[in-house]
Number of protein chains: 4
Amino acid sequence: MDYDIRDIALAAQGKRRIIWAQQHMPVLSQLSAEFASERSFAGKRIAAALHITTETAALLMALRAGGAEVALCASNPLSTRDDVCAALVEEGISVYAFYGEDLETYGRHIECALACDPHLVMDDGADLIVALHQKPSRGSTVAAIEETTTGVVRARALAEQKLLRFPVVAVNDAPTKHYFDNRYGTGQNTIDGILRATNTLLAGATLVAAGYGWCGRGVAARARGMGARVIVCEVNATRALEAVMDGFQVLPMLQAAEQGDIFVTVTGMADVIRNEHFQRMKDGAILANSGHFNVEIDIATLADIASERSQIREHLEEYRLPDGRKLYLLAQGRLVGQVAAEASPAAIMDLSFADQALCTRYLLQEYEHLTPDVHDVPAEIDERVAALKLRALGIELDSLNEQQQAYSRSWQSGTVA
Amino acid sequence: MDYDIRDIALAAQGKRRIIWAQQHMPVLSQLSAEFASERSFAGKRIAAALHITTETAALLMALRAGGAEVALCASNPLSTRDDVCAALVEEGISVYAFYGEDLETYGRHIECALACDPHLVMDDGADLIVALHQKPSRGSTVAAIEETTTGVVRARALAEQKLLRFPVVAVNDAPTKHYFDNRYGTGQNTIDGILRATNTLLAGATLVAAGYGWCGRGVAARARGMGARVIVCEVNATRALEAVMDGFQVLPMLQAAEQGDIFVTVTGMADVIRNEHFQRMKDGAILANSGHFNVEIDIATLADIASERSQIREHLEEYRLPDGRKLYLLAQGRLVGQVAAEASPAAIMDLSFADQALCTRYLLQEYEHLTPDVHDVPAEIDERVAALKLRALGIELDSLNEQQQAYSRSWQSGTVA
Amino acid sequence: MDYDIRDIALAAQGKRRIIWAQQHMPVLSQLSAEFASERSFAGKRIAAALHITTETAALLMALRAGGAEVALCASNPLSTRDDVCAALVEEGISVYAFYGEDLETYGRHIECALACDPHLVMDDGADLIVALHQKPSRGSTVAAIEETTTGVVRARALAEQKLLRFPVVAVNDAPTKHYFDNRYGTGQNTIDGILRATNTLLAGATLVAAGYGWCGRGVAARARGMGARVIVCEVNATRALEAVMDGFQVLPMLQAAEQGDIFVTVTGMADVIRNEHFQRMKDGAILANSGHFNVEIDIATLADIASERSQIREHLEEYRLPDGRKLYLLAQGRLVGQVAAEASPAAIMDLSFADQALCTRYLLQEYEHLTPDVHDVPAEIDERVAALKLRALGIELDSLNEQQQAYSRSWQSGTVA
Amino acid sequence: MDYDIRDIALAAQGKRRIIWAQQHMPVLSQLSAEFASERSFAGKRIAAALHITTETAALLMALRAGGAEVALCASNPLSTRDDVCAALVEEGISVYAFYGEDLETYGRHIECALACDPHLVMDDGADLIVALHQKPSRGSTVAAIEETTTGVVRARALAEQKLLRFPVVAVNDAPTKHYFDNRYGTGQNTIDGILRATNTLLAGATLVAAGYGWCGRGVAARARGMGARVIVCEVNATRALEAVMDGFQVLPMLQAAEQGDIFVTVTGMADVIRNEHFQRMKDGAILANSGHFNVEIDIATLADIASERSQIREHLEEYRLPDGRKLYLLAQGRLVGQVAAEASPAAIMDLSFADQALCTRYLLQEYEHLTPDVHDVPAEIDERVAALKLRALGIELDSLNEQQQAYSRSWQSGTVA
């Protein structure tokens with residue numbers, strides 16, 4: 001079996017940490033058992049580009065339990081955990097990734113992962129999907145799964161230009177994914193990443209959240225919960241109004257730039273913080289990104305205008321400007337919660353990855369009936385995942401009795417009986 | 001002009017209070033001026049069944065400014081403000097409603113409002129739509145607008161049974177409506193109604209919210225914001241999981257019944273709190289409803305099992321059970337925020353009613369191109385309302401520059417530039 | 001028995017409402033039974049100046065149950081509930097108060113209450129204490145109880161000038177009083193008063209809280225809990241820092257004046273909002289006070305500079321300025337939660353009034369051993385009240401076992417064994 | 001100069017991290033300049049036992065700038081940062097500490113620090129004070145400063161037994177210390193420590209906070225802010241009532257033990273979580289301590305009853321019980337925020353350490369006028385620190401004008417002005 005990782009000797013440590021994560025992923029554990037008993041993926045090849053964390057390991061091991069042949073590369077050069085890579089190789093998965101690999105290696109590793117000619121690709125940012133579309137033929141690939149807002153946007157752009165060659169299921173758009181992973185997962189891991197990189201005080205700090213989508217509102221809510229005063233920047237009117245009525249101040253970035261102590265971009269857009277903003281920031285301002293790509297802060301320009309750069313702590317780099325002000329960039333502008341902390345917790349990824357696992361089985365069975373377009377996660381999958389999770393948490397719901405079900409179908413009952 | 005109200009002498013007071021509301025409805029004010037200048041509704045007859053509040057008055061006066069002939073009845077027998085009715089009659093609107101009218105009168109008033117043979121009906125709970133469908137012909141009516149979750153469910157039930165005779169626009173489903181009116185509006189007015197009816201202490205109280213839809217999460221968030229411990233009951237797994245991760249305890253009603261000091265139903269369903277729950281409640285428990293109809297608490301059974309009933313304060317009735325426990329029903333189980341308080345504030349209704357006003361114009365122009373089905377509010381209307389509101393609040397957004405717009409259309413840009 | 005009230009016929013309604021309050025005052029109920037069985041106040045005369053609410057009634061009835069002769073006047077001309085007055089007269093208490101009495105009558109009623117030559121006075125703002133000190137002799141009065149921050153300041157000023165003639169117990173300073181009544185009670189009733197007077201939307205509004213003492217932080221916390229953005233103004237550095245780290249923006253009033261939609265003074269100080277601030281406020285700004293006296297907003301100047309005044313709704317008066325801006329004053333600048341709503345809920349007053357009741361018994365027994373100074377509530381009283389309340393709520397505490405008690409007395413145990 | 005540290009080669013890294021901390025400590029920086037210019041501590045010897053973090057380094061360097069001779073040992077064997085030790089040695093400070101030293105070494109290092117025969121000791125947990133009192137003579141020591149709740153309790157126990165030999169200033173009791181460091185500092189660093197050790201999801205988790213003092217309410221507030229459901233355990237009735245009215249559920253530990261996913265002790269008491277609680281906990285429960293000593297969880301018994309122990313991740317140890325349940329202990333039961341994270345952020349320690357620095361100067365000047373007792377921080381010091389901090393943050397306060405100052409002294413102004 002081929003692979004390219006840092007150090008196979010880290011496998012034991014990785015294994016211990018993976019077990020810790022698995023303990024908090026009861027839905028995926030149950031699905032893993034199900035796949036194993038029905039050999040759901042026997043004879044299937046799957047290539048995945050994911051943040052290589054203990055939670056991702058749990059997903060891939062579930063696919064492997066179902067008989068899949070799996071190749072794995074990273075979806076971000078800084079989020080890879082080398083001990084997890086080693087443990088996965090020992091599980092029989094072809095891993096091509098190590099922490100801090102340069103972009104050339106990163107690109108080469110994508111090719112390695114695709115070299116297995118996968119039936120299905122599993123993406124987190126659409127790097128595999130795009131790489132496949134830059135080739136002359138799609139090979140054996142009949143379907144893809146995409147996990148992120150950013151990747152779905154890219155897949156939709158392909159579909160709109162009639163270039164998409166196979167159906168893509170947008171796991172990101174499933175309620176059990178984006179309501180949870182984006183909001184509670186990114187909300188927590190962004191705070192966690194900022195604290196690990198800086199140990200700065202959030203209470204009383206002014207945190208500027210650029211973007212009030214599901215990720216952005218998670219970040220804003222958690223920052224407030226830690227005592228920060230939060231300012232929101234938005235381009236969408238409805239979202240901006242929601243932010244206002246959630247009690248946040250809404251300002252354009254040019255004004256927010258002057259007030260912020262900490263900035264977090266979480267938009268999916270490029271150059272959200274750029275030179276005109278750097279010019280107005282306070283000395284000591286901290287810049288972090290929680291969007292998928294490292295394009296939300298215009299780092300190239302920041303490097304250009306800086307007279308000096310120095311690494312203060314791990315994941316904390318100082319950019320000294322000619323006027324003496326110092327700006328601090330976290331995690332090289334990459335996903336701060338993935339790089340400086342440990343990505344979303346296992347209990348959250350249990351939902352997202354259960355969606356992934358079930359969509360993998362669904363797509364490998366149903367791909368022939370699906371157009372080469374971006375498709376939603378089937379509602380049954382979403383509901384099953386939510387129901388399994390609640391059961392695992394020991395939480396009971398109410399249910400409608402017969403009269404209530406009849407009531408919900410009626411239109412006659414109104415104010416006057 | 002025909003009308004049936006309590007006392008025309010209350011018009012001056014009503015007028016003063018309407019002006020107070022209009023000051024907080026800048027979007028509707030601007031639309032009113034627009035309708036007046038283009039005489040948008042000249043020659044059109046509109047029948048409306050709405051909570052007759054100062055905000056509703058502002059909506060109807062805007063339609064009237066555009067030249068409409070308007071007839072109005074109530075959408076709830078206890079939410080009518082008699083001074084507003086009087087002021088509207090002086091504005092030339094045929095009002096058929098007074099506070100506390102019995103159900104027979106309520107039904108008769110619906111007929112009075114429909115007697116004008118309206119081109120369009122505007123509904124809040126679908127009583128007018130249903131009444132029209134119980135007649136042999138639809139008359140001149142070519143379209144309807146429905147404002148509530150409950151009414152949309154009824155209209156959909158009609159549509160599914162192929163009975164619907166004209167297009168209905170579901171204003172409730174517009175983001176500028178349900179994200180705001182349901183969440184922030186109902187959230188606040190429910191708290192307000194409970195306090196006015198009881199003056200009870202929310203800090204430290206256990207409040208059980210049945211339903212975690214947009215209204216329910218508004219109620220839960222505000223109750224927590226006032227210091228209550230909140231328990232959520234749900235029938236939907238995804239919503240229940242969200243409630244859990246928002247930090248609320250989730251229990252089935254049978255268990256919650258034993259812990260609650262205050263119960264609020266906000267589900268759209270019947271008999272959510274019923275005999276089995278009454279039997280387990282603590283002495284002194286307070287029962288309130290914020291769903292559209294007074295069916296969510298099984299009041300008939302409560303009255304049956306009570307050995308004694310007495311009115312303690314306005315909108316607060318004591319039901320003494322044979323075992324000595326006392327349960328307290330607010331506002332006769334009708335919408336507590338509409339009845340015991342003053343419904344959603346003007347600043348919120350500005351959004352919902354701007355949607356209504358623009359959809360009225362849209363439907364009267366476009367009804368011929370629409371199927372007899374339940375339709376969404378056109379996205380342009382929704383976006384225009386949000387944008388007008390932000391401008392009125394003096395809040396600026398960011399906007400995408402050209403490169404950013406190009407970025408949002410591209411699919412090539414990825415991790416490896 | 002002498003009295004001067006609005007209408008004795010309101011007694012039945014008052015009685016029903018008092019019983020509702022008593023149901024939420026289990027501690028006071030238990031003390032009332034205790035006083036009755038030991039006839040704790042037989043032969044004693046007590047004069048009280050209090051907000052005449054259903055909760056106050058419960059306190060006075062407990063004293064009466066213990067055999068006291070009680071005379072009552074108001075502590076604010078606008079917080080008196082006429083039905084409560086009537087019910088109290090039927091209970092044998094000499095009440096001198098009615099809603100909306102003018103200041104001359106208010107002053108005369110203080111004299112009426114003192115005419116009984118009380119052994120003890122119970123004050124809420126120190127009007128009785130001060131009136132006694134403006135007389136040549138203290139009469140039979142041997143002690144006083146003061147309930148508010150404002151009144152304690154006045155009593156301390158008397159003591160510092162060596163003018164105080166008898167011991168005063170500062171109930172306000174007891175933890176079971178100011179942690180609860182000031183914070184949770186005033187917090188809730190201020191929000192409640194603002195909503196009843198205006199029905200304004202708190203979500204997204206900017207609320208300026210002047211003062212971050214216990215009342216002020218209650219107001220700030222609840223306003224945030226309702227979705228407002230809160231700005232705090234302070235004169236004390238430590239409190240200001242706490243406000244900052246609680247996530248609030250802190251500004252001087254001159255700057256806050258330009259941003260606020262709603263202003264709440266809660267400082268105990270005069271002229272906190274004055275002409276220079278009126279001049280900068282936005283059109284439509286709402287002004288409310290939750291401090292004891294109506295001096296925190298400079299109303300006289302506001303009236304002077306206004307070109308027109310009109311009453312919009314109950315407790316909501318419009319002041320139109322020459323430049324066209326309109327400012328809205330609630331409740332004539334008096335305690336908005338007492339006047340426009342119903343004061344602190346019974347469950348809170350249960351604590352404050354249990355303190356009052358126990359301090360009354362304590363002072364009538366122990367006054368001879370106390371200097372003419374301002375004294376704290378004895379710790380045993382405070383602890384007993386808290387413990388009784390918890391028991392009534394059915395809440396259990398942990399307790400220290402013997403080893404733990406020994407540990408708390410030791411100093412040897414440290415890092416090394 | 002004598003010292004005993006891990007590795008002097010770490011000095012450069014330590015220096016860089018100390019500078020990062022100093023940037024967030026403007027008050028201490030200003031005091032450092034003041035001490036340097038007046039040589040405040042020339043000829044004075046100071047021994048300190050503190051958590052050896054970058055912030056502590058900033059404090060000691062300020063004393064050193066004033067001319068003091070400083071010896072330093074640790075106040076916890078697991079909170080020492082070896083790079084900081086190295087940097088401090090290069091600054092001329094005698095450091096005796098390294099990360100993970102055993103208790104014997106820890107004890108020996110206390111002796112090393114005291115070997116300089118200090119004029120003043122600076123303590124964090126009272127280990128130096130106690131060690132001095134276990135010697136026959138106090139030597140040159142004329143005063144001490146104590147930073148923590150725990151240490152103040154120990155010093156008071158000494159004073160009550162008339163054993164205390166010199167004045168101790170309880171910095172912990174200064175408002176600028178315990179309102180901030182205990183609440184916002186411990187609140188944040190406890191969450192931070194738990195996340196770094198476990199990467200567990202807080203949203204939806206049930207966190208049990210044992211203790212609702214200033215530290216405990218910081219932990220509870222932040223845990224809620226991260227989405228946890230919080231249960232509070234208390235032994236004090238008033239605190240328990242506050243917790244209830246802050247919206248938390250209050251339960252005795254025996255009941256809470258069955259519901260918690262995460263437990264945090266923050267009481268200052270021993271054996272708060274003990275065998276009877278371990279027996280009832282859920283499989284997977286996480287145990288953390290944020291009180292000063294590692295006695296709050298009965299670790300010895302936990303080790304006794306465990307059938308197996310294994311280290312899962314750094315600072316995360318699994319105790320497997322004979323019945324198969326697994327409990328997870330963080331940071332060996334020592335201060336989780338100090339050990340698994342980086343202690344309170346610099347912006348908070350700026351306040352505590354400014355108090356320490358100013359009290360050091362005060363005591364060395366005034367010790368002769370102080371009894372051998374536990375003394376409060378002089379109010380002027382506390383106020384100066386708060387004022388300096390606000391100025392550094394650029395926050396302006398209101399101030400009272402002359403009429404207002406007069407008003408605050410008057411007692412005549414009342415309802416009838």
Side-chain angles (χ1 to χ4, degrees), chain C residues 75-77 103 106-107 110 125-127 130 153-155 157-158 161 175-176 179-180 184 233-238 240-242 244-245 250-253 255 269-271 293 295 351 382-383 386-387 389-390 393 395-400 403-404 407-417, chain D residues 75-77 103 106-107 110 125-127 130 153-155 157-158 161 175-176 179-180 183-184 233-238 240-242 244-245 250-253 255 269-271 293 295 382-383 386-387 389-390 393 395-400 403-404 407-417:
Chain C
S75 65
N76 183 310
L103 290 184
Y106 181 90
I110 288 179
D127 280 348
V130 167
V153 168
R154 296 177 84 189
L158 271 169
Q161 296 169 38
T176 47
Y179 287 171
F180 296 89
Y184 309 112
C233 303
E234 248 300 338
V235 297
N236 175 285
T238 303
L241 260 185
E242 286 183 88
V244 168
M245 295 205 183
V250 174
L251 290 176
M253 184 56 83
Q255 290 175 38
M269 178 44 61
D271 296 336
F293 288 125
V295 298
L351 294 166
D382 197 59
E383 284 159 19
K389 185 71 173 185
L390 281 176
L393 292 171
I395 291 168
E396 290 176 63
L397 298 186
D398 282 308
S399 55
L400 301 183
Q403 296 101 298
Q404 289 179 314
Y407 180 85
S408 73
R409 287 186 302 266
S410 74
W411 53 271
Q412 289 91 342
S413 313
T415 304
V416 185
Chain D
S75 65
N76 183 310
L103 289 185
Y106 181 90
I110 287 178
D127 280 349
V130 167
V153 168
R154 295 178 84 190
L158 271 169
Q161 296 168 39
T176 46
Y179 288 170
F180 296 89
R183 186 166 35 163
Y184 309 113
C233 303
E234 249 299 339
V235 296
N236 175 286
T238 303
L241 259 185
E242 285 184 271
V244 168
M245 294 206 184
V250 174
L251 291 176
M253 184 56 83
Q255 290 176 38
M269 178 45 61
D271 296 334
F293 289 124
V295 299
D382 196 62
E383 283 159 19
K389 185 71 172 185
L390 280 176
L393 292 171
I395 290 168
E396 290 175 64
L397 298 185
D398 283 308
S399 56
L400 300 183
Q403 295 101 300
Q404 289 179 314
Y407 179 84
S408 72
R409 288 186 302 266
S410 74
W411 52 271
Q412 289 91 344
S413 313
T415 305
V416 185

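Per chain, numbering begins at 1; letters A, B, ... match sequence-line order. Quick note: numbers below take in every heavy atom, side chains included, and nothing from hydrogens, waters or symmetry partners.
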*Asks:* Go through D:Leu400, D:Asp382, D:Leu397 and name the one with the most non-hydrogen pairs under 4.5 angstrom from chain C.
*Replies:*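 Greatest number of close heavy-atom pairs with chain C: D:Leu397.
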
*Asks:* Just how far is it from atom CZ of C:Phe293 to atom OG of C:Ser75, taken to the nearest 0.5 Å?
*Replies:*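 Rounded to the nearest 0.5 Å, the CZ-OG separation comes to 8.5 Å.
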
*Asks:* What pair of heavy atoms forms the shortest contact from D:Pro252 to D:Cys233, and how long is it?
*Replies:*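 Shortest heavy-atom contact: C-SG, 4.2 Å.
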
*Asks:* Tell me which of these, C:Val250, C:Val153, C:Thr238, has more heavy-atom pairs under 4.5 Å with chain D than the rest.
*Replies:*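 Among the listed options, the one with the most contacts to chain D is C:Thr238.
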
*Asks:* Tell me, out of C:Leu158, C:Ile395, C:Val295, C:Val244, who's got the most heavy-atom pairs with chain D below 4.5 Å.
*Replies:*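 Top count of heavy-atom pairs under 4.5 Å with chain D: C:Leu158.
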
*Asks:* Using a cut-off of under 4.5 Å for heavy-atom pairs, which of C:Asn76, C:Asn236, C:Leu241, C:Leu390 has the most such pairs with chain D?
*Replies:*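 The answer is C:Leu241.
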
*Asks:* Between C:Gln403 and chain D, which part of the residue has a heavy atom less than 4.5 Å away: side chain, backbone, both or neither?
*Replies:*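 Contact with chain D involves no heavy atom of C:Gln403 at all.
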
*Asks:* Got a second to check how far C:Glu242's CD is from D:Thr176's OG1, nearest 0.5 Å?
*Replies:*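 Result: 10.5 Å between the selected atoms.
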
*Asks:* Using a 4.5 angstrom heavy-atom cutoff, name the option from D:Ser399, D:Ala240, D:Ala387, D:Ala157 with the most pairs to chain C.
*Replies:*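 Among the listed options, the one with the most contacts to chain C is D:Ala157.
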
*Asks:* Who wins among C:Leu393, C:Val130, C:Asp398 for the most heavy-atom pairs under 4.5 Å with chain D?
*Replies:*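 Among C:Leu393, C:Val130, C:Asp398, the one with the most close pairs to chain D is C:Asp398.
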
*Asks:* Where on C:Ala126 is there a heavy atom nearer than 4.5 Å to chain D: the side chain, the backbone, both, or neither?
*Replies:*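 Neither part; nothing is under 4.5 Å.
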
*Asks:* For the residue pair C:Asp271 and D:Tyr407, confirm or rule out a side-chain donor-acceptor distance under 3.5 Å.
*Replies:*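 There is no such pair between these side chains.
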
*Asks:* Look at D:Glu234, D:Glu396, D:Met269, D:Lys389 and state which one has the largest set of heavy-atom pairs under 4.5 Å with chain C.
*Replies:*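 With the most close heavy-atom pairs to chain C, the winner is D:Met269.
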
*Asks:* Just by distance, do the side chain of C:Tyr179 and the backbone of C:Tyr184 share a donor-acceptor pair under 3.5 Å?
*Replies:*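 The answer is no, because no donor-acceptor pair under 3.5 Å joins these two groups.
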
*Asks:* Has the side chain of C:Arg154 got a donor or acceptor atom that lies under 3.5 Å from a matching backbone atom of D:Ser410?
*Replies:*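 No: the side chain of C:Arg154 does not pair with the backbone of D:Ser410.
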
